[in-house]
Amino acid sequence: MEQDIKDFANHMQIERNLSGHTSKGYICDLKQFMNYIQSAVEPHGQKASAAAVDHILVRGFLRSLYVAKLKKVTIARKLAAVRAFYKYLLREGRITKNPAELVHTPSPEKHVPRVLSVDEILLILNLSFRDEPLELRDRAIMELFYSTGIRLSELVGVNITDIKFSQGLIKIRGKGRKERLIPVGRAALAAIELHLKGRAGHSVEKAGEGSAGPLFLNARGQRLTTRSVARIVDRIVARSGINRKISPHALRHSFATHMMDAGADLRAIQELLGHESLSTTQKYTAVSISRLMEVYDRAHPKARGGVSDEDPGDNSAGNTSPR
């Protein structure tokens, strides 16, 4: 099974052209699956081979994940890795059936994305940043996150040549290395241009479209990592005075929700975010509705359970209107 997993890793990188992050996640999940199979069959004198696995063992693996109290979304991802692995082996003729096909995917938990209000976003973006290279870089990062709603992994992969200053566009390499061209706001473009002008080795002219290399570098001149950007976001959010932890993905959620609240078309938001399925984008509809209900509850006299001055009504018990 170990050799099968190595061959599958090569298949993902060469044939399917998956990102290194995705491939690494799949292999990690499959090694965990292999360890479970070994512990389940080897004490009984059986060899832990891919062909010897049936749907009962796959279900047992999922049961062990439930016992470990993993989230359903994590369990579903690990099952997807097992399915993809066996689909590959079936296509290669190494097995005769896919045991993971008979196993149902866990129903995901209902999760409403965490978002910031417009006022909270403005608190962050209106912070004072010093006229220093790293400070200008950090400001450009925050502006670009909120202006485009791109993923953390997409932001660190942006190169200078991906910014089309004259057109107000940016080229993004998303999941599965699929490229998309999306608009970027004037404030973000201005922040990026200031960042490039302040960066060592970049003149005003080089801040345009002809300069290659990563857009965001660390202090050593290397491309920023996702972990470094997450720490930058933590630091800036703490400076803003917002008393809660905000991840880079929350900025993506905020972008989508604020676009939805302003009347943007769901299909347009899908294209901007790079979602393959419209159902993935539809979760922001629930966020917008919940925010609408909060406004209704705060503003409408009857929703608050009180009685307006214009409608004294009967003050007897039971007069409070339901929401």
Side-chain angles (χ1 to χ4, degrees), residues 1-111 113 151-154 157 173-180 226 249 270-271 273-283:
M1 185 179 283
E2 189 172 358
Q3 184 58 49
D4 287 333
I5 292 175
K6 289 180 180 178
D7 293 341
F8 179 62
N10 291 331
H11 161 73
M12 286 191 293
Q13 293 177 352
I14 298 172
E15 295 184 37
R16 295 187 60 186
N17 199 28
L18 296 180
S19 68
H21 180 76
T22 301
S23 299
K24 186 178 179 180
Y26 268 45
I27 298 306
C28 182
D29 292 338
L30 288 174
K31 285 183 177 179
Q32 184 181 2
F33 175 68
M34 181 180 68
N35 291 336
Y36 171 81
I37 298 301
Q38 288 174 339
S39 65
V41 303
E42 289 184 354
H44 302 286
Q46 298 178 12
K47 186 180 178 181
S49 65
V53 174
D54 58 14
H55 69 282
I56 302 298
L57 281 173
V58 177
R59 285 175 180 166
F61 173 60
L62 296 190
R63 190 182 306 113
S64 71
L65 301 178
Y66 278 111
V67 171
K69 299 187 183 302
L70 270 64
K71 292 182 178 180
K72 287 184 179 180
V73 64
T74 303
I75 296 173
R77 189 200 70 218
K78 293 179 184 293
L79 177 58
V82 173
R83 279 183 179 152
F85 173 59
Y86 274 98
K87 186 177 180 180
Y88 161 75
L89 295 180
L90 188 64
R91 197 190 71 180
E92 292 292 307
R94 302 187 191 186
I95 57 173
T96 57
K97 61 181 179 179
N98 185 343
E101 282 184 344
L102 300 174
V103 182
H104 293 293
T105 302
S107 300
E109 298 98 339
K110 296 294 183 182
H111 173 66
R151 301 176 179 94
L152 173 57
S153 59
E154 294 171 344
R173 283 167 287 277
K175 289 186 176 181
R177 299 185 184 179
K178 294 180 180 177
E179 294 184 355
R180 66 186 189 277
T226 54
H249 214 64
Q270 178 190 3
E271 290 293 326
L273 295 178
H275 287 157
E276 279 195 17
S277 171
L278 187 62
S279 61
T280 308
T281 316
Q282 284 175 332
K283 63 185 175 183

With rounding to the nearest 0.5 angstrom, report the [atom1] to [atom2] distance, [X] to [Y].
X: Ser49; Y: Gln3; atom1: OG; atom2: CD; answer: 14.0 Å
X: Ile95; Y: Leu89; atom1: CD1; atom2: CG; answer: 5.0 Å
X: His104; Y: Leu62; atom1: NE2; atom2: CG; answer: 11.5 Å
X: Ile75; Y: Arg77; atom1: CD1; atom2: CZ; answer: 10.5 Å
X: Thr22; Y: Met12; atom1: OG1; atom2: CE; answer: 8.5 Å
X: Ile37; Y: Gln32; atom1: CD1; atom2: CD; answer: 11.5 Å

Which atom of [X] lies closest to which atom of [Y], heavy atoms considered:
X: Arg173; Y: Gly157; value: NH2-O, 3.2 Å
X: Leu30; Y: Ile5; value: O-CD1, 3.7 Å
X: Arg83; Y: Asn98; value: O-ND2, 3.6 Å
X: Leu90; Y: Lys97; value: CD1-N, 3.6 Å
X: Phe61; Y: Val82; value: CE2-CG2, 4.4 Å
X: Pro99; Y: His55; value: O-CB, 3.3 Å

Next item on the list: May I ask you to say whether Asp7 pairs ionically with Arg94, meaning some side-chain N is under 4.0 Å from a carboxylate O?
Entry: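 Yes, charged N to carboxylate O under 4.0 Å.
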Next item on the list: Verify the neighbour count for atom CD of Glu2: are there more than 12 heavy atoms of other residues, nucleotides or ligands below 6.0 Å?
Entry: no
Notebook entry, point to check: Run the side-chain contact (heavy atoms from CB on, under 4.5 Å) check on Leu57 and Val41 step by step: do they pass?
Noted result: CA-CA 9 Å; Leu57 281 173; Val41 303; 3.9 Å; yes
Check: Is there a donor-acceptor pair under 3.5 Å between the side chain of Asn35 and the backbone N or O of Gln38?
Finding: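 Checked: no pair found.
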Next item on the list: Would you mind telling me which of Leu79, Thr74, Leu70 makes a side chain to side chain contact (heavy atoms under 4.5 Å, CB included) with Leu65?
Entry: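 So the option named by the test is Leu70.
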Checklist line | Non-hydrogen side-chain atoms of Lys6 and His11 separated by less than 4.5 Å | finding: no
Item checked: ring-ring contact (aromatic ring centres under 6.0 Å, His included) partners of residues 62-86, not counting sequence neighbours, each pair once ->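 Every pair satisfying ring-ring contact (aromatic ring centres under 6.0 Å, His included) with a residue in residues 62-86: Phe8-Phe85.
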Margin query: List the residues meeting salt bridge (Lys or Arg N to Asp or Glu O under 4.0 Å) with Arg151, not counting sequence neighbours, and say none if there are none.
Written below: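 With sequence neighbours excluded, Arg151 shows a salt bridge (Lys or Arg N to Asp or Glu O under 4.0 Å) to Glu154, given in chain and number order.
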